[in-house]
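First the proteins, then the strands, lettered A, B, ... as listed; each starts at 1. What you are looking at is a predicted structure, and each value in this text was computed from that prediction instead of being measured.
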Protein chains: 2
Amino acid sequence: MAKARRKYQRVTIKDVAEYAQVGVGTVSRVLNNSPHVDETTRERVLEAIKNLGYMPNPHARRLSTGSSQLVTVITPEMKGDFYQILMSSIDEVLVKYGYSSLLYPLYNEKKFEALKKSSDILLSTDGLIVDGVNVDSVMSHILNPQTPVICLEQDSDKYDSIMVDNYYGGVLVGDYFADLDMDIFVVTHRKSHELESTVFDERLEGFQESLEKKGRSIDKIYYVPLDWESTFEVARRIFFRFKRCAIFTTTDYLAVPIIEVARTMQLDVGKDVRVCGFDDLPIAQVLEITTVRQPIAEMGYLAAESLIKRINKKIKDKPKKYILKPELVVRNT
Amino acid sequence: MAKARRKYQRVTIKDVAEYAQVGVGTVSRVLNNSPHVDETTRERVLEAIKNLGYMPNPHARRLSTGSSQLVTVITPEMKGDFYQILMSSIDEVLVKYGYSSLLYPLYNEKKFEALKKSSDILLSTDGLIVDGVNVDSVMSHILNPQTPVICLEQDSDKYDSIMVDNYYGGVLVGDYFADLDMDIFVVTHRKSHELESTVFDERLEGFQESLEKKGRSIDKIYYVPLDWESTFEVARRIFFRFKRCAIFTTTDYLAVPIIEVARTMQLDVGKDVRVCGFDDLPIAQVLEITTVRQPIAEMGYLAAESLIKRINKKIKDKPKKYILKPELVVRNT
DNA sequence: CTGAAAGCGCTTACAG
DNA sequence: CTGAAAGCGCTTACAG
């Protein structure tokens, strides 16, 4: 005779307690691996859990403890290796502390609107790591002031922020290219909407100013969408006229098609044609592309560690700013 | 004099009620836009909410209502356009019903382990859409039997499943290529671990059998990792020997580098060199690649609609299977 | 329209 | 080691 159960007829801790003939507190204790439980009662409870097919209700637990052991990571998109690396490193430290991460990528404007509407999501998690979005201006009003937030690749007055010195990275490439007796081109991406990041411009600026300081200048800047098809076109246009040149792409992603076109056109990449990317994505490592190494994993570690500290109220002081320095990695291109 | 508050000193519905001089029930009603609230009291409550900076506690609400209005989408990875399209279409219908989606990409094995450990995540959401993972065998034991699940690109005995007829898609390409008086090559990817999908093999099988039925056969199959650098190499190898051939890539992603190499080598793509992809990703549309159109958005719509129906208990019957038919889209390659 | 109260399913001092 | 009870912050019949 199935006993009448409440809404959703889920089996609760109470059912388990009855079945095992103990109090709910004891069930809770074995659920939480408390050491203060007699071994035989523990087994009886475990038995009950199994027989009843009990599964805990996370909402009840979270309401009771005031914590979800969850962290939300908000990114402006989800494509590319960058976020995979970032997420992996964040997860690595998170699990150490018993936390999990949830991804909330803003892959289109609707997604962002949805977030503003049902900011529930932002309130149901113990902390936030936000990449490339200006939290202060577009998000802080829907956030609980108590919720710890770490900003990545974006400055913030209210929260800890972790940035890479993109300008400096550009300078590194400029210094490197300045000594080359070649025409100098840049292939980069122009940000098209508010949410996009400004890193490409910063890299370009550092590059440009370093070049000028050495009496050189950019011969031409090509702006492309962030996809390969357009870049293939640009590469063909460049190499049709110039068999010898140095090209700075503000991300490795754009370097790939350029190198491939040059190689297919039999140009000597690494000698007559020099290509330098940015980011040191896995693809740059595989193709041995000269690039500027952005410490993505370090960013992730730092972000996660900082967040955990904030969550644990270890730090209560003013927002901190971390600026990580990139480095030039000269390889075969 | 700041009043002493409980743990986390968050302001609760009770504080708001006191401040506005009403009962907590009334506050709850204005929070939920109940029409049965006098306009002036509503305003008083709203005022109190603003002044106190009140933010609702989602856990309490979820415990009380038994629902989170959240859906988790689990994918085997997060790279590429596919998931962006899928997620967008899922979100589109979800918002219609007042739901939001959370992404949980299994970008590495640890992520999957973490999920098994703290299956909390799977229990705190009203439903699940799982892409490309065999739920029956690897996940169903950590799921609440009550939780509705929709499986994508993967068969299931327990849950609704939505699949694309990949075999049939391969047949379409085979029929198309069989009439071409050219050598026929395939560039495809071999699955390397358990969690990866088998779609590439299914597509290849359909292609192969259709060809055989017409008395033709594949001249050579090239297996590559799912990245462009390797594919560039393969393309160069092919076109070095064959200036005239038809190539079937089991995903558009792999068609791109092949087409680029052919073009850069001055071959007439669309005439001497024929390339047919699979998926109809945005990149295939931009580059006007002949391909097999996989109805990704339709999958997303169907998945989300089916899930909502299950959540609302509209359907209680046996798991349903949907098999979507892809179609050949002949373009310029 | 509105308030008091019960209930959602846990956790955690508090006694024993 | 264990049970009874209070509490987490909401929602929702139930009376009025």
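- In the set dG9(C), dT2(D), dT2(C), dT2(D) carries the atom at the smallest distance from any side-chain atom of D38(A).
- The residue P58(A) sits apart from the nucleic acid: no heavy atom pair falls under 4.0 Å.
- Between the S156(A) side chain and the Y159(A) main chain, a donor and an acceptor come within less than 3.5 Å of each other.
- Between dT11(C), dC8(C), dC1(C), one nucleotide has an atom nearer to the side chain of S64(B) than all others, and that is dC8(C).
- Counting heavy atoms from C-beta outward, D131(A) and P76(A) have side chains that approach closer than 4.5 Å.
- What separates CG of L63(A) from P of dG9(C) is a distance of 12 Å, to the nearest Å.
- At least one donor-acceptor pair under 3.5 Å links the side chain of S88(B) to the backbone N or O of Q84(B).
- Counting to the nearest Å, the P atom of dC10(D) and the CG atom of N57(A) are 17 Å from each other.
- OP1 or OP2 of dT11(D) lies within a sub-4.0 Å distance of a side-chain N or O belonging to S28(B).
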- Item | Worked verdict on M163(B) versus L324(B) for side chain to side chain contact (heavy atoms under 4.5 Å, CB included) | CA-CA 6 Å; M163(B) 285 167 295; L324(B) 306 182; over 6 Å; no

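- Checked against side chain to side chain contact (heavy atoms under 4.5 Å, CB included), V24(B) has the following partners two or more places apart in sequence or in another chain: I13(B), K14(B), A17(B).
- Residues passing the side-chain hydrogen bond (donor to acceptor under 3.5 Å, both in side chains) test with Q21(A): none are found, sequence neighbours excluded.
- Not a single donor-acceptor pair under 3.5 Å links the side chain of T72(B) to the backbone N or O of L122(B).
- Rounded to a whole Å, the CG atom of L123(A) is 10 Å from the P atom of dC10(D).
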Can you list, pair by pair, the side-chain donor-acceptor contacts under 3.5 Å of residues 27-38 of chain B, counting residues two or more places apart and other chains?
| residue | atom | partner | partner atom | Å |
| --- | --- | --- | --- | --- |
| S28(B) | OG | N32(B) | ND2 | 3.4 |
| N32(B) | OD1 | R61(B) | NH2 | 2.4 |
| N32(B) | ND2 | S28(B) | O | 2.8 |
| S34(B) | OG | H36(B) | N | 3.1 |
| D38(B) | OD2 | T40(B) | N | 3.0 |
| D38(B) | OD2 | T40(B) | OG1 | 2.8 |

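- Between the CG atom of L31(A) and the P atom of dC10(C) there is a distance of 8 Å, given to the nearest Å.
- Here T65(A) does not reach the OP1 or OP2 of dC10(C): none of its side-chain N or O atoms lies under 4.0 Å away.
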- The dot-bracket string of DNA chain D, counting Watson-Crick and G-U wobble pairs with both distances under 3.5 Å, using [ ] for crossing pairs and | for pairs to another strand, is |||.||||||||.|||

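- Separating the CD atom of Q146(A) from the P atom of dC8(D) is a distance of 16 Å, rounded to the nearest angstrom.
- Taking atom CD1 of residue I13(B) and atom P of nucleotide dG9(D), one finds them 11 Å apart after rounding to whole Å.
- The same atom, P, is picked in dA13(C) and in dG9(C); the two are 23 Å apart, to the nearest Å.
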For nucleotides 3-6 of chain D, list the nitrogen or oxygen atoms of the protein found under 3.5 Å from its nitrogen or oxygen atoms, one pair per line.
| residue | atom | partner | partner atom | Å |
| --- | --- | --- | --- | --- |
| dG3(D) | OP2 | G23(A) | N | 2.8 |
| dG3(D) | OP2 | T26(A) | OG1 | 2.7 |
| dG3(D) | O6 | R29(A) | NH2 | 2.6 |

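- Rounded to whole angstrom, the span from the CG atom of N32(B) across to the C1' atom of dT11(D) amounts to 7 Å.
- Rounded to whole angstrom, the span from the CZ atom of R61(A) across to the C1' atom of dT12(C) amounts to 12 Å.
- With sequence neighbours excluded, the residues forming a side chain to side chain contact (heavy atoms under 4.5 Å, CB included) with A304(A) are I90(A), V93(A), L94(A), listed by chain and number.
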